[in-house]
Amino acid sequence: MTIDTDKRLIGLIGNPIAHSISPSIHNTLYTAFDMNYIYMAFAVDEDNLETAINGMVALSFRGFNVTIPYKQKILGFLDDLDNEAGLIGAVNTVKIENGRLKGYNTDGIGFIKGLERLGFIPKGKKVAVIGAGGASRAICVYLLKEGVSRIYILNRTYERGSDLAQELNGHYKSDVVIPIDRKELDKLDLDLIVNTTPVGMWPNEGVNPLENFIFNPYTVVVDIIYNPPQTKFLQMAKRQGCTVQNGLDMLIGQALASIKIWTGKDIFYTDCKKILKNIHFVD
Ligand code: ATR
């Protein structure tokens, strides 16, 4: 890699960030596609958040990603906000242009890109989403944007799922989003089921958000967890004949969507897995 005065910096801020594979994904792609960018991760204390952001502006960073625990706090530092990011209520990508900061959320776009890789077209489809947290919100907003016919939200805390459904239906003036309980899920005929909860994630790999569920073999099943690559949930769905996908496709998809925002460059999804094959967790 050549470091010259034209090289532009892109940051990642969060705390902790040591576990992140985003620097590996981004820097590998920038090298492979001959892009003069470098991606650096910074663990930032909350007391230093504003100083860190001002520092990135002063140093002409092209932008930065934001991760836990600042995806909501960052909203207070932005000059402009993308519509969907506003609805999701969280930002994971910031573009810096002429000293102004605009926030986006590429998690939902990343998820849709992952579905594209499976050849799954969301329009008109019936989907169940497990969980009602930040990841669920991002995925639901983009599924609605893609024109799904139903989203059933199954959440441990029913109320929270119900609040999310109400908010999204209110925004889109529709009744597409429906909160359900586990008994109702068992009766549904679904095209897609997505787990957005951390249930089954390392180091608690032994648990499954849908114990003893009987899948239709034509239901596509996605878990946004990528560590382990095959959660108990995905193993169970695969055994029953379903097409399954883990969270790596969404992770790569959101990285590509952020790159498009910062640099304008479209990178083909199909080229990426080969390029990224040496990165931990990429199979
Ligand atoms: P994120 O931003 O990563 O989506 P979050 O906002 O904390 O994280 O949301 C986590 C989601 O996983 C929530 O839907 C949560 O359910 P509650 O609303 O009942 O808290 C769900 N979740 C977390 N741990 C869970 C568990 N052990 N069993 C079932 N659901 C769980």
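Counting convention: from 1, in listed order, for ligands and their atoms alike.
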### Query
Cut-off 3.5 Å, side chains only: do Asn92 and Thr106 have a donor facing an acceptor?
yes
## Note on the structure
Those residues with a heavy-atom separation under 4.0 Å from ligand 1 are Gly131, Ala132, Gly133, Gly134, Ala135, Asn155, Arg156, Thr157, Arg160, Thr197, Pro198, Val199
### Message
For a salt bridge (charged side-chain N to carboxylate O under 4.0 Å, His left out) check, start with the C-alpha distance between Glu211 and Lys232, then their side-chain angles and the critical distance, and finish with the verdict.
### Response
CA-CA 9 Å; Glu211 289 291 356; Lys232 279 253 145 58; over 6 Å; no
Determine all donor-acceptor pairs shorter than 3.5 Å in which one atom belongs to a side chain in residues 120-135; sequence neighbours excluded.
| from | atom 1 | to | atom 2 | distance (Å) |
| --- | --- | --- | --- | --- |
| Lys125 | NZ | Ile121 | O | 2.7 |

Side-chain donor-acceptor pairs of residues 79-88 under 3.5 Å, sequence neighbours excluded:
| from | atom 1 | to | atom 2 | distance (Å) |
| --- | --- | --- | --- | --- |
| Asp79 | OD2 | Leu101 | N | 2.7 |
| Asp82 | OD2 | Glu84 | N | 3.3 |
| Asp82 | OD2 | Ala85 | N | 3.2 |

### Task
Could you list the residues that satisfy side-chain hydrogen bond (donor to acceptor under 3.5 Å, both in side chains) with Lys102, not counting sequence neighbours?
none
#### Entry: ILVMFWY cluster, Phe111 and Val244 together (side-chain gap under 4.5 Å)
no
